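Since the structure comes first, as structure tokens, the remarks are kept for the end.
Quantities reported herein were computed from a predicted structural model and do not represent experimental measurements.
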Amino acid sequence: MGSAIWFRRDLRVSDNKAVLRALQCGEKPFCVFVVDPKVLSASSSAIRTSYLKAALEELNEELDDNLTLMFGDSAVQLARFVTENGISDLYCSRDVTPLSRLIESQVAEMLRSMGVRVHFVDTPYLVDFDKVLKEDGSPFRVFTPYFKTWIKSALAVEVVRLPRRYEFQSAKLAERRNWGPLDKVVSYSGQFATSSAEIIARLDHFADEILPNYSELRNFPSIDGTSRLSVALKFGRIHPRTIFKRVVDFDPGLRFTSELCWRDFFGSVLYRNPDSPKVALDAKYDAMRWDTGPIAKSRLQAWKSGQTGYPLVDAGMRELLETGYMHNRVRMVVGSFLVKDLHLDWRLGARHFMSHLLDGDVASNIGSWQWIAGCGSDSAPFFRIFNPTLQLQKFDPEGDYLRRFIPELGHLDKKAWASFIRADSAQQDRRLYPRQIVDHNRERREALLRLSELSTIGFVN
DNA sequence: TACCCTTTTCA
DNA sequence: GAAAAGGGT
């Protein structure tokens, strides 16, 4: 009886535990990916769908053209697949979102009832999301103690070594490649690599050239100073193990390594709190007075389209729309602006990010939004409110990032530029660039006021 | 009083 | 994270 690999968010061959375990069965494994309409409608976006298609094409090449694509309900399609190919053992990795977990339980139930062994052998995380626990077995709620425990496990992790030679086999199915709605999608061809060779080349470049100055450079959005591996991680084109092993010895202070840990931390937070995409982890935020109504609606629209009059916010939001990406420093600034300056519900921001980010990942996205809103696990303290003008002066002093995404500022000479980035709304040239839709200092005080109301309510109750 | 640097404080 | 306050020239 044969074995099969069910590919999920692990669209690669190297450092893939499911691939290794299936190969160890002896027979050549079958390979399958299910395009599940439930997943597409719940969490996809046009740009991610196009990357997914390219990633599947790359994966198929890595599998020597042996990947089967099925379209439909995961459990139903996999049941068909194992029956038609005589499969006794299915290998796959687990995922952490509520929908993924539901699908896993449906697949496991269906296949086990058919006598097929289903092996969940890995996760998309460096340390599995259910493995980092306090001494008493309870989960961490604060990052630093999580990190101290996590790093011990992380250092013990080994990259998966595949046998020197291995082969896969093609399924016996009438239709071996049903792309479903992906058929009409154009494969991604943008700045983020889809091929393994390019992704590994990027990792090498990052480790050799960027990592030595990572602590300083990572904050400047005009500089190529971060790993830019989030997209490959999102689709499992690379596993965080591969990254960790390549960088950890060259990362004094573990500044970058701790970013990998934040990814794991937010994974485990979602695992423990499956309703956190909808509900603030800090329950008293249920009482937050978010702005609603027509003015709130138009402010949300201005934020989404990069027309707030705060150039760093606008450059970030336009980068997102144009490229499907945003530098992390700028993500914090625009997130703080939505929640603290516009008093709009963090869930609106999370939804917009998910519909445009190429690296849009439920756990990281929700964890980060709850962090910036101040309502999550170990999130930013209530008083941490970013000043978008000061952030611009600190992190894009020459305006190199701004000019890339706000072309209407291109005409400013150096002197006009210097006064522009310090300017308040009264001094801005409104003909070319929108005036500031709110006054930061005023809204900062308003945010602190509303936050203080929450703690009063919390105290009374 | 302008300015700079450091520390404190923020429900 | 940054405004405000403190401490100095």
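- If you take atom P in C/dG6 and the same atom in B/dA11, they sit 16 Å apart, rounded to whole Å.
- Atom CZ of A/Phe395 and atom P of C/dG1 are 7 Å apart (whole Å).
- As a whole-Å value, the separation of A/Arg289 CZ from B/dA11 P is 16 Å.
- Atom CZ in A/Phe382 sits about 13 Å away from atom P in B/dT9, given to the nearest Å.
- Checked against the 6.0 Å centroid threshold, A/Trp6 and A/Tyr91 do not count as a close aromatic pair.
- For the pair A/Lys134 and A/Asp136, the salt-bridge criterion is not met [side-chain N within less than 4.0 Å of a carboxylate O].
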Side chains of residues 212-223 of chain A: which donor-acceptor partners sit under 3.5 Å, not counting sequence neighbours?
from     : atom 1 : to       : atom 2 : distance (Å)
A/Arg218 : NH1    : A/Glu259 : OE2    : 3.0
A/Asn219 : OD1    : A/Arg329 : NE     : 3.2
A/Asn219 : OD1    : A/Arg329 : NH2    : 2.8

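- At a cut-off of 3.5 Å, with distance as the only test, a side-chain donor of A/Glu319 or A/Tyr401 sits close to an acceptor on the other residue.
- The residues A/Arg94 and A/Asp10 are annotated as not salt-bridged, no charged nitrogen and carboxylate oxygen being separated by less than 4.0 angstrom.
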Criterion side-chain hydrogen bond (donor to acceptor under 3.5 Å, both in side chains) on A/Asp95 and A/Thr97, from CA distance to verdict: CA-CA 6 Å; A/Asp95 198 3; A/Thr97 67; 4.6 Å; no
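- When the P atom of B/dC10 is taken as reference, atom CZ of A/Arg384 falls 17 Å away, rounded to whole Å.
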Residues A/Phe386, A/Phe337; criterion ring-ring contact (aromatic ring centres under 6.0 Å, His included); working and verdict: CA-CA 7 Å; A/Phe386 288 69; A/Phe337 191 81; over 10 Å; no
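- For A/Arg237 and A/Tyr51, the positive end is not near the middle of the six-membered ring at less than 6.0 Å and at most 45° from its axis.
- For the contact set between residues 327-337 of chain A and DNA chain B, defined by any heavy atom under 4.0 Å, there are no members.
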Within the sub-3.5 Å range, which N or O atoms of nucleotides 2-5 of chain C have a protein N or O partner, and how far apart are they?
from  : atom 1 : to       : atom 2 : distance (Å)
C/dA2 : OP1    : A/Asn387 : N      : 2.9
C/dA2 : OP1    : A/Gln391 : NE2    : 3.1
C/dA2 : OP2    : A/Gln391 : NE2    : 3.2
C/dA2 : OP2    : A/Lys394 : NZ     : 2.8
C/dA3 : OP1    : A/Asn387 : ND2    : 2.8

